[in-house]
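For reference, the structure is listed below as structure tokens.
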Amino acid sequence: MQKSTLERAVRILLVVTLSVSILYFGKSLFVPLAIGGLLAMLFMPVGKWLENKGISRGPASALCLLMFLIIIGTVVGLLSWQISTIVKDLSQIKENLTQMITDVRDYLDEQVGISRAKQDEMMDEQTSASGGGISSMVTSVIGSVAVFAGNAILTLVYMLLLLYFRSRFFNFILKMVPAAQQGKTKKIVAQSSEVVQQYLSGLAIMIGVLWVMYGIGFTIVGVKSALFFAILCGVLEIIPYIGNITGCSLAALMALSQGGGSGMVLGVFATYAIVQFIQSNIIAPMILGSEVNINPLFIIIILIVGQLVWGLPGMIIAIPLLGISKIIFDNVSSLHPYGYLIGNEKKRKENKVATLFQKVKKLFH
């Protein structure tokens, strides 16, 4: 009995190790494919609705892709518009940053005992360690942009093709399982699509609400280009825990570089604290509900694993993929313990407003 248990544990460890290795070394293939698959699931109800209106699958899939591009283009356009206003104040921002750096260097010299010469030496060492200064940095940025553009195009192509050939993939999955298991397989596929659609659409709605709240808060505080930082903080919400903190820190840094004092910085962090309180206790339960009912411990773990395996994209798509995994665990008897382990026993309390909102949201699925 002990030997059988040990062999099973070793097999599981080998499967996990092999899977992680394949995902890590196949990053360039699997990242665009995974994101494209999630987007295809998100727009599947739209595609079905268009097909029910008499549009064939090819044009319907293309219209879904066009809709997604319009949404992304709108967000990019808003950010570009706000960046243009920041560029107008670039000289003043540069002057303020230069003064801030000078003040920090004076503090290190007078209070900490690190002389200006020693600071220059440390900066030179850091520059050398980073690989050769501005030229290497520019080359790295160009390379990163090229890789991002290639992955973005691949993602869009995958999204279009997965929408168009979704029936073939679904039938392939059914052909892979015994006839007696096809009913359960259909249930798993349907629940997986539903959890991705509800999570991503709910996340999109929540980001829009955050734009409004951050925009109002940053405007009251007096941050220039408040809309830009509101949009940035909202968009970064797709990276749980880390994204909103990063956005708020950038807003605080920009407040300082624009000449704002400690009061403005405190105002930025107060805005962040208030918005996060409202989001955690009102918006998230109302909009997201319990679509991805995962133990917070395993959310943190999967975010770290996603970052280690796939970097930033891994953190973005980790939670939906973990939600799909939980559905599989819950519907396969031999995997029930894993579904129980990563699940969250704490049930969200339903309220009439949340129930009504859920009903309204389902009208668009």
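- Criterion: ILVMFWY side-chain heavy atoms under 4.5 Å apart, direct or through other members. Under it, Ile173 and Tyr164 are not part of a common hydrophobic cluster.
- Of all the heavy atoms in Ala226 and Gly215, the pair that sits closest is CB-O, 4.2 Å.
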message: What verdict does the side chain to side chain contact (heavy atoms under 4.5 Å, CB included) test give for Lys48 and Arg166, after you've listed the backbone C-alpha separation in whole Å, the side-chain angles of each residue and the deciding distance to 0.1 Å?
response: CA-CA 11 Å; Lys48 290 180 179 179; Arg166 63 179 184 269; 3.7 Å; yes

Without placing hydrogens or testing angles, list every side-chain donor-acceptor pair under 3.5 Å for residues 29-40, not counting sequence neighbours.
none

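- Rounding to the nearest 0.5 angstrom, the gap separating the CG atom in Leu66 from the CD1 atom in Ile71 is 10.0 Å.
- Residues Val20 and Val15 are members of separate hydrophobic clusters, defined by side-chain heavy-atom contacts under 4.5 angstrom among Ile, Leu, Val, Met, Phe, Trp and Tyr.
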- request: Given side-chain hydrogen bond (donor to acceptor under 3.5 Å, both in side chains), test Gln279 with Gln276 step by step and report yes or no.
  value: CA-CA 5 Å; Gln279 175 197 350; Gln276 286 302 304; 3.1 Å; yes

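- Residues Phe170 and Leu174 form a side-chain contact, since some pair of their non-hydrogen atoms from C-beta on lies under 4.5 Å apart.
- With respect to Ile301, the side-chain contact (heavy atoms from CB on, under 4.5 Å) criterion is satisfied by exactly one of Ile304, Leu297, Leu303: Leu297.
- At a threshold of 4.5 Å between non-hydrogen side-chain atoms, the residues Lys175 and Gln182 do not count as touching.
- The CG atom of Leu23 lies 13.0 Å from the CG atom of Leu308; values are rounded to the nearest 0.5 Å.
- With rounding to the nearest 0.5 angstrom, the CZ atom of Phe329 is 5.5 Å from the CD1 atom of Ile342.
- A donor-acceptor contact shorter than 3.5 Å is absent between the side chain of Glu51 and the backbone of Arg57.
- Taking Leu65 as the reference, Leu69, Leu156, Met159, Leu160 meet the side chain to side chain contact (heavy atoms under 4.5 Å, CB included) condition, with sequence neighbours excluded.
- In this structure, Ile207 and Val235 approach most closely via the heavy-atom pair CG2-N, 4.1 Å.
- By the 4.5 Å heavy-atom criterion applied to side chains, Phe298 and Leu341 are counted as neighbours.
- Placement of Ile220 and Val212 within a single hydrophobic cluster is found when ILVMFWY residues are connected by side-chain heavy-atom separations under 4.5 Å, directly or transitively.
- Two residues are said to be in side-chain contact when any heavy atoms from C-beta on lie closer than 4.5 Å; Phe229 and Tyr214 fail this criterion.
- Remark: side-chain polar atoms of Arg168 are not paired, donor with acceptor, to backbone N or O of Phe165 under 3.5 angstrom.
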field: Candidate pair Leu42 and Leu200, rule side chain to side chain contact (heavy atoms under 4.5 Å, CB included), full reasoning
entry: CA-CA 7 Å; Leu42 175 62; Leu200 293 181; 3.8 Å; yes

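- Here Phe148 contributes atom CZ and Ile153 contributes atom CD1; the two are 10.5 Å apart, rounded to the nearest 0.5 Å.
- With contacts defined as side-chain heavy-atom distances shorter than 4.5 Å, the pair Val332/His336 does not qualify.
- Remark: Met67 CE to Ile72 CD1 distance equals 13.0 Å, nearest 0.5 Å.
- Side-chain atoms of Gln197 come within 3.5 Å of backbone atoms of Met41 as a donor-acceptor pair (strictly under, hydrogens ignored).
- Residues Gly47 and Ala60 approach most closely at O-CB, 4.1 Å, considering heavy atoms.
- By the 4.5 Å heavy-atom criterion applied to side chains, Tyr340 and Asp330 are not counted as neighbours.
- Here the closest heavy-atom approach between residue Phe218 and residue Ala251 is recorded as CZ-CB, 4.0 Å.
- In this structure, Gly234 and Leu210 approach most closely via the heavy-atom pair CA-CB, 4.4 Å.
- Closest approach of Val195 and Ser192 over heavy atoms only: CG1-O, 3.1 Å.
- Within a 6.0 Å radius of CZ in Phe269, other residues, nucleotides and ligands contribute more than 12 heavy atoms.
- Remark: Ile328 CD1 to Lys184 NZ distance equals 12.5 Å, nearest 0.5 Å.
- Contacts of Ile316 classified as side chain to side chain contact (heavy atoms under 4.5 Å, CB included), with partners at least two apart in sequence or in another chain: Ile238, Ile239, Leu312.
- Linking Ile, Leu, Val, Met, Phe, Trp and Tyr whenever their side-chain heavy atoms come within less than 4.5 Å puts Leu322 and Ile300 in one cluster.
- With hydrophobic clusters built from ILVMFWY side chains whose heavy atoms lie under 4.5 angstrom apart, Val177 does not share a cluster with Leu335.
- With hydrogens and angles ignored, the 3.5 Å screen pairs no side-chain donor or acceptor of Trp310 with any backbone N or O of Val305.
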